[in-house]
There are 2 protein chains.
Amino acid sequence: MSDRPNLAPLSRGESLLFLTDDQLRRGIEAMFFAYRGFTADPDRILQEYGYGRAHHRAIHFINRSPGTTVNNLLSILGVTKQSLNRVLRTVVEDGLVDSRVGDRDKRERHLYLTEAGAALERKLSEAQRSRMRDAFRAAGPDAVAGFRAVLEQMMDPEMKRHYLDDADGGK
Amino acid sequence: MSDRPNLAPLSRGESLLFLTDDQLRRGIEAMFFAYRGFTADPDRILQEYGYGRAHHRAIHFINRSPGTTVNNLLSILGVTKQSLNRVLRTVVEDGLVDSRVGDRDKRERHLYLTEAGAALERKLSEAQRSRMRDAFRAAGPDAVAGFRAVLEQMMDPEMKRHYLDDADGGK
DNA sequence: ATTTTAAGTCAGCCTTGTTGACTTTCCAAG
DNA sequence: CTTGGAAAGTCAACAAGGCTGACTTAAAAT
């Protein structure tokens with residue numbers, strides 16, 4: 001393969017790098033427009049339920065890590081506890097999330113999805129997975145690896161901790 | 001369910017992709033965490049100026065397409081005119097953006113960055129480009145192509161129109 | 001002359017973020 | 001056993017930035 005994919009005009013022989021400001025600007029806009037697409041489908045579903053993205057995020061990560069504590073969720077989501085609490089209160093009241101006092105430490109609340117919560121989670125994530133599946137299929141396996149590699153590099157280091165604690169073990 | 005847990009694509013990067021629900025969930029979280037990183041640096045700068053992401057977006061696209069009209073900006077950003085107008089009013093008042101009545105059509109306002117506006121734009125986009133440059137460098141050229149390919153597929157079709165109207169011309 | 005379009009404005013509402021102050025619970029260290 | 005502090009929750013106030021709806025002005029299009 002060429003080491004210069006179809007990306008750069010490179011008229012000035014000076015730069016071996018394919019990272020012109022224009023290339024970077026395209027990457028920036030790609031993030032902007034793609035993120036909009038990425039959230040569009042769940043947003044529509046949430047609206048029917050009177051929820052917002054904040055509810056989606058909470059539900060997603062409770063589903064991913066059942067029994068997680070509020071504090072843990074706080075550090076993943078990066079919002080204040082007051083902000084999270086407002087969201088959490090509504091989903092608990094609405095019977096989507098179960099908040100159980102900790103056994104070892106009774107100050108902690110452990111969060112679990114109820115059946116209704118799990119049902120909404122499936123609905124939301126199926127919509128989101130569907131779009132991602134289509135994008136992955138259309139772009140191909142190599143592109144998917146590249147996509148993940150770049151995004152991983154773009155995260156703040158502290159966030160990488162939360163990005164799939166399980167993940168591919170070593171590496 | 002997935003009959004093929006994380007085995008590499010053995011069919012020559014063609015047919016069956018390894019798109020388990022878990023792979024897709026990783027892609028979803030990658031988007032979430034990366035987008036946070038992506039906006040973190042500009043957000044910090046904007047805060048010093050008392051602006052938000054909405055101002056950044058307006059400034060970005062005015063810089064990309066000087067002389068663009070309010071209506072055009074509206075369709076790129078996908079917000080209501082009232083929402084955009086509030087943002088636009090402040091940046092015009094603050095002398096970052098110049099709003100000129102159209103020559104051909106006097107109903108239209110054409111938007112341009114002033115020197116001060118261009119200075120802020122450079123500051124913001126340099127921060128964002130810097131992070132993207134680092135991510136691109138670390139991930140490598142092939143990854144960058146894949147990143148862009150996947151994001152492009154993830155956009156809503158109408159948004160693809162706005163994504164680099166200039167772009168690689170005849171394909 | 002009438003209708004449509006582009007832009008702007010006013011008013012009000014919602015979600016989701018923020019601070020700050022304060023309480024309750026309860027583990028753990030002195 | 002007392003007390004310091006962490007975890008969680010609550011109340012209040014505020015701001016950004018979305019939204020809708022109603023309305024005006026000016027100019028272009030029909």
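Proteins get letters first, then strands, A, B, ... in listed order; numbering begins at 1 in each. Below, each value reflects all heavy atoms present in this structure, side chains not excepted, and no hydrogens, waters or symmetry copies.
Residue order along DNA chain C, read from the 5' end via each residue's closest nucleotide, puts Arg109(B) first among Asp103(A) and Arg109(B). Across the interface with DNA chain C, nearest-nucleotide mapping of Ala54(A) and Leu74(B) shows Leu74(B) to be the residue nearer the 5′ end.
Under 3.5 Å, the side chain of Arg107(B) and the base of dA7(C) form no donor-acceptor pair of N or O atoms. For a distance-only test at 3.5 Å, the side chain of Lys81(A) qualifies as a donor-acceptor partner of the base of dA8(D). Residue side chain Arg53(B) does not reach the base of dG18(D) through any donor-acceptor N/O pair under 3.5 Å, judged by distance alone. The base of dG17(D) is not paired with the side chain of Arg57(B) by any donor and acceptor separated by under 3.5 Å. In this model, a side-chain donor or acceptor of Gln82(A) finds a partner on the base of dG20(C) within 3.5 Å.
Between dT16(C) and Ser83(A), no contact under 4.0 Å exists linking OP1 or OP2 to a side-chain N or O. When the side-chain nitrogen and oxygen atoms of His55(A) are compared with OP1 and OP2 of dT15(C), none of them lie within a distance under 4.0 Å. The phosphate of dA8(D) has OP1 or OP2 within less than 4.0 Å of a side-chain N or O from Asn71(A). Remark: Thr80(A) is in phosphate contact with dT18(C), judged by side-chain N or O atoms under 4.0 Å from OP1 or OP2. Contact annotation: Arg89(B) side-chain N/O to dT9(C) OP1/OP2 distance is under 4.0 Å. Using a 4.0 Å cut-off, no side-chain N or O of Asn85(A) falls inside it from OP1 or OP2 of dA8(D).
With contacts defined as side-chain heavy-atom distances shorter than 4.5 Å, the pair Ile28(A)/Phe38(B) qualifies.
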Reading DNA chain C 5' to 3', how would its secondary structure be written in dot-bracket notation, given Watson-Crick and G-U pairs with both distances under 3.5 Å, brackets [ ] for crossing pairs and | for partners on other strands?
||||||||||||||||||||||||||||||

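Taking the ring axis of Tyr112(A) as reference, the NZ or CZ atom of Arg100(A) stays within 45° of it and closer than 6.0 Å to the ring centre.
In this structure, CD of Gln47(A) is placed 14 Å from P of dC14(C), rounded to the nearest angstrom. Per the geometry, CG belonging to Leu88(B) stands 13 Å off C1' belonging to dA6(C), to the nearest Å. Computed from coordinates, the Leu84(B) CG to dC19(D) P distance equals 10 Å when rounded to whole Å. Following rounding to the nearest Å, His56(A) (NE2) and dT16(C) (C1') show an atom-to-atom distance of 16 Å.
Remark: aromatic rings of Phe147(B) and Phe136(B) are close, center separation under 6.0 Å.
Using a 4.0 Å heavy-atom cutoff across all strands shown, Gly50(B) reaches no nucleic acid atom at all. In this structure, His110(A) reaches neither bases nor backbone, as no heavy-atom distance under 4.0 Å exists between it and the strands shown.
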